[in-house]
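One structure is given here, and the rest of the page talks about it.
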Amino acid sequence: MVARAARAADLADLDAGVSDCFACPRLVEWREGVARTRRASFRDQEYWGRPVPGFGASDARIAILGLAPAAHGGNRTGRIFTGDRSGDVLFAALHRAGLANQPTSVAADDGLALRDIRIFSAVRCAPPDNKPTPQERDTCAPWLHREVSLIRPTLRVVVALGAFAWAAWWPVLRQVYGLRPPSPRPAFGHGAHWSGTAAPDLLGSYHVSQQNTFTGRLTPKMLDDVFDQAKQLAEVD
Ligand code: SF4
């Protein structure tokens, strides 16, 4: 799998490789089990039940790095953050920011298009309880590293959704940019900003999970502020 990731010639080739990955036995079992049993409200739908590739512009100046697909969201629809409450919040914010052509994301064929932005996750398969193990995170990292390599020419800013994604960024510095990660690592927080000189800037945002958005820990205004800052840093209109 490491070799398959490294030789991906372009994003389409990478996406094909990701979609056909079976490297983590626990996650393969989980994603396929969820796809078989389904949630009652989606019982008539065919679940994707595979790893979920990145989505968005191939010349993205801004990347959004998430944790992993949701069991009944991306794992169902085959597109990251699509078909769940987290995606409802995220794509509404991207639309307000002028980075998405529509505020909703319900299915892979719903016409959604992103401008200047690409979205991917640190782990590409839905994990039980949204908690990948450190070993699964490390096993999946080559997909992330190759994806960043492929958009490196234009990439200026990365928005990490949550502490897991924030932590997953530091190995990218070494693997993709040949840089030593800062030590100690900058702490994650909403609004945290690490300024790279020879690498993209990193912005922290609370994750768009229901746990955060339903409780008001993350408000639409807070998300708008993060994307305003990302656009400014990336020099996106
Ligand atoms: S989590 Fe990543 S490495 Fe593991 S099976 Fe899924 S795509 Fe492959």
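Counting starts at 1 for both ligands and their atoms, following the listed order. Every value quoted in this text rests on a predicted model; they were computed, and no experiment measured them.
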Report task. Please say whether more than 12 non-hydrogen atoms of neighbouring residues, nucleotides or ligands are located less than 6.0 Å from CZ in Arg156. Result -> yes
**Report entry** Hydrophobic cluster identity match, Leu223 and Leu112, side-chain contacts under 4.5 Å
**Finding:** yes
Query raised in the report: Can the ring centres of His72 and Tyr47 be said to be less than 6.0 Å apart?
Result: yes
**Report entry** Glu147/Arg124 salt bridge by N-O under 4.0 Å criterion
**Finding:** yes
Report task. Run through the protein N/O/S atoms less than 2.8 Å from atom 2 (Fe) of ligand 1 and write them out by chain and number. Result -> Cys140 SG
Query raised in the report: Among all residues two or more places apart in sequence or in another chain, which pass the salt bridge (charged side-chain N to carboxylate O under 4.0 Å, His left out) test with Arg79?
Result: Asp110
Requested in this report: Please determine if Arg118 and Asp59 form a salt bridge, counting it only when a charged side-chain N lies under 4.0 Å from a carboxylate O.
Outcome: no
